[in-house]
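Here the structure is laid out as structure tokens; the discussion comes afterwards.
Letters A, B, ... mirror the listed sequences (proteins, then strands); counts begin at 1. What you see below is based on every heavy atom in this structure, not just the backbone, and it leaves out hydrogens, waters and symmetry mates.
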There are 2 protein chains.
Amino acid sequence: MPKRVDHGERRALIADALMRVAAEHGLEAVSLRHVAAEAGVSPGMVQHYFRTKDEMMTFALAVVREHSEARVTRAAAALGDHPAPRTLLRTMLVELLPLDEARRADGRVALAFLAYTAVRPSVAAALHQGTAALLDFLARQIRAAQATRPIDQRVDPDRAAVGLLAVMEGLGIYLLGGHYPAETALAALDSHLDLICGPVVDEAP
Amino acid sequence: MPKRVDHGERRALIADALMRVAAEHGLEAVSLRHVAAEAGVSPGMVQHYFRTKDEMMTFALAVVREHSEARVTRAAAALGDHPAPRTLLRTMLVELLPLDEARRADGRVALAFLAYTAVRPSVAAALHQGTAALLDFLARQIRAAQATRPIDQRVDPDRAAVGLLAVMEGLGIYLLGGHYPAETALAALDSHLDLICGPVVDEAP
DNA sequence: GCTTTTACAATGCAGCCGCAATGTAAAAGC
DNA sequence: GCTTTTACATTGCGGCTGCATTGTAAAAGC
């Protein structure tokens with residue numbers, strides 16, 4: 001029976017269990033035995049697929065990143081072929097906000113890993129590239145959204161992209177902490193988009 | 001020799017050691033023995049002043065909050081009696097950004113506690129009040145800063161306050177992660193303030 | 001068919017954990 | 001001066017940790 005198992009699949013299964021543990025009790029509750037129990041497998045198996053705990057953590061971090069990437073890609077694809085830039089921006093950012101329990105769980109895990117990587121800079125380096133790519137994409141959409149504005153009302157798209165991503169991150173964190181309700185965060189996000197792109201315009205012909 | 005010791009002082013001493021450990025190795029490295037060693041005292045003494053680890057953590061969390069509160073209060077006071085609202089806003093927010101090693105350390109600890117409270121909602125409740133007060137203050141300053149703008153260019157101050165605080169938080173996190181340099185964050189912050197308050201005006205008579 | 005490799009499971013171990021219990025010495029209160 | 005209280009230091013215990021080791025059974029390769 002051995003031999004023909006998909007390693008990546010097993011690792012993903014274990015990483016999923018890890019994320020469930022982390023979402024509920026925090027990363028410090030993540031141990032080989034806890035994760036194994038959550039995944040319904042033996043601790044030995046976890047050790048078989050990850051030689052060290054650190055290897056498992058690094059893999060799980062990558063999975064978290066891919067999760068949110070997949071989420072935003074899917075949401076963007078659902079908008080069809082040529083969505084208005086502002087609509088696309090809003091859709092992507094809202095998708096990353098912890099607005100339902102699934103995204104709250106993901107958010108808690110992401111936050112835990114944020115703190116985790118803050119004291120392990122070498123692990124964090126892999127994330128920089130993703131951030132840079134995202135910023136680049138945001139800046140391009142902002143530029144497109146600004147096309148209809150008078151030139152003197154346009155903000156520097158690169159700076160605006162940094163600000164916009166920061167707003168999303170910050171709103172997400174305050175939402176996770178339950179500091180204010182979802183509507184407050186959404187209203188602030190829309191206000192911010194108004195400032196950057198100009199107010200929404202009806203696009204009917 | 002016993003009997004005349006300031007309990008609060010000792011607890012602060014221990015909490016400081018805790019924060020040093022947390023800043024360097026993360027909250028999961030915080031143990032009674034580690035903290036005691038960092039503080040240069042016996043583990044027994046730590047136990048004497050905090051009956052449980054949770055009590056110690058809660059106390060340290062409060063200290064973190066007070067630290068940043070004191071920091072921003074001091075920075076604001078240094079501006080004199082009637083600073084321009086926009087100057088006050090910028091000074092306060094910049095003070096909260098992790099721009100030097102001291103603030104980076106504080107930031108790492110704050111981030112760790114953010115993740116910590118995310119899975120312990122009861123502990124987090126105490127922070128909501130502080131956020132609400134800060135938002136209120138920011139909104140008032142934004143309102144004042146907008147006084148010179150044409151009415152149709154004014155943003156809702158309450159929404160703007162939420163967005164502004166979120167921007168600061170987000171920028172701080174990306175700075176801690178080393179995703180971009182300080183100048184990028186500062187430029188984005190200034191751009192954002194431009195959007196909310198209008199560009200800087202020279203105040204010379 | 002026999003060997004090798006793979007996929008686990010089980011056990012064990014040294015080290016750290018929070019915490020309780022106990023001991024001790026000095027100041028405070030009477 | 002004697003008792004009580006306070007301020008620690010020390011020790012120990014049960015439990016959990018990551019990880020190395022060993023065992024076992026089944027498929028793959030020849």
Side-chain angles (χ1 to χ4, degrees), chain A residues 1-61 112-113 115-117 119-120 122-123, chain B residues 1-61 112-113 115-117 119-120 122-123:
Chain A
M1 202 182 198
K3 193 58 178 299
R4 266 305 109 105
V5 287
D6 183 338
H7 266 234
E9 192 178 291
R10 300 283 194 182
R11 286 163 82 101
L13 183 105
I14 295 172
D16 269 14
L18 188 157
M19 288 168 61
R20 266 176 275 138
V21 173
E24 206 167 341
H25 306 291
L27 267 192
E28 80 276 11
V30 169
S31 72
L32 298 187
R33 299 171 228 260
H34 268 160
V35 171
E38 175 71 32
V41 303
S42 79
M45 171 165 161
V46 174
Q47 245 184 127
H48 181 68
Y49 287 102
F50 297 103
R51 277 177 301 182
T52 71
K53 184 186 175 182
D54 227 65
E55 194 179 313
M56 179 174 70
M57 298 294 265
T58 305
F59 182 84
L61 174 57
F113 269 111
Y116 181 81
T117 56
V119 288
R120 283 168 188 79
S122 61
V123 187
Chain B
M1 203 178 197
K3 193 59 177 299
R4 266 303 107 108
V5 288
D6 183 337
H7 266 233
E9 193 178 288
R10 300 281 194 185
R11 286 163 80 101
L13 183 105
I14 295 172
D16 269 14
L18 188 156
M19 289 168 61
R20 265 176 276 137
V21 172
E24 207 166 339
H25 306 290
L27 267 193
E28 81 275 12
V30 169
S31 72
L32 298 186
R33 298 170 228 259
H34 268 160
V35 171
E38 175 71 32
V41 303
S42 79
M45 171 165 161
V46 175
Q47 245 185 123
H48 181 66
Y49 287 102
F50 298 103
R51 278 177 300 181
T52 72
K53 185 187 176 183
D54 227 66
E55 193 179 314
M56 178 174 71
M57 299 295 265
T58 305
F59 183 84
L61 174 58
F113 269 110
Y116 180 81
T117 56
V119 288
R120 284 167 188 81
S122 61
V123 187

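Distance B/His48 NE2 to C/dA21 P: 17 Å, rounded to the nearest Å. Rounded to a whole Å, the CZ atom of A/Arg11 is 13 Å from the P atom of C/dC8. A/Glu28 places its CD atom 14 Å from the P atom of C/dC17, with the value rounded to the nearest Å. Between the CD atom of A/Glu55 and the P atom of D/dG18 there is a distance of 14 Å, given to the nearest Å. Protein atom CG of B/Asp6 is 14 Å distant from nucleotide atom C1' of D/dA7, rounded to whole Å. In this structure, CD of A/Glu9 is placed 14 Å from C1' of C/dA7, rounded to the nearest angstrom. Put simply, NE2 on A/His25 is 16 Å from C1' on D/dC16, counting in whole angstrom units. Rounding to whole angstrom units, CG of residue B/Leu32 and C1' of D/dG15 are separated by 15 Å.
Remark: C/dG12 base-pairs with D/dC19. Criterion, Watson-Crick or G-U wobble with two distances under 3.5 Å. Nucleotide C/dC30 has D/dG1 as its partner under the Watson-Crick or G-U criteria, with both atom distances under 3.5 Å.
Between B/Met45 and A/Arg51, the residue anchored closer to the 5' end of DNA chain D is B/Met45, taking for each the nucleotide with the nearest heavy atom. Of the two residues near DNA chain D, A/Gln47 and A/Ala29, the one whose nearest nucleotide lies more 5' is A/Ala29.
For the side chain to side chain contact (heavy atoms under 4.5 Å, CB included) criterion with B/Leu18, the lone passing option out of B/His34, B/Glu38, B/Met57 is B/Met57.
Counting any heavy atom pair closer than 4.0 Å across all strands shown, A/Arg33 reaches a base atom. Among the heavy atoms of the strands lying under 4.0 Å from B/Val30 are primed sugar atoms or P, OP1, OP2 only; no base atom is included.
Residue A/Ser42 has no polar side-chain atom (N or O) positioned under 4.0 Å from OP1 or OP2 of C/dC8. Contact annotation: A/His34 does not reach the phosphate of D/dC16 (side-chain N/O to OP1 or OP2, under 4.0 Å). For B/Arg10 and D/dC8, the shortest distance from a side-chain N or O to OP1 or OP2 is below 4.0 Å. B/His7 has a side-chain polar atom (N or O) that falls below the 4.0 Å cut-off from OP1 or OP2 of D/dA7.
Under the 4.0 Å criterion applied to side-chain N and carboxylate O atoms, B/Glu28 and A/Arg120 are assigned as salt-bridge partners.
Candidate nucleotides D/dC8, C/dC17, C/dC8 were compared by shortest atom distance to the side chain of B/Val5, and D/dC8 ranks first. Considering only the side chain of A/Lys53, D/dG18 comes nearest among C/dC8, D/dG18, D/dC8.
What you find for B/Ala115 and A/Ala115 is that their closest heavy atoms are CB-CB, 4.2 Å. For the pair A/Val119 and B/Gly26, the tightest heavy-atom approach, listed with the atom from each and the gap, is CG1-N, 3.6 Å.
Listed for the A/Arg11 side chain is a donor-acceptor partner under 3.5 Å among the backbone atoms of A/Tyr49.
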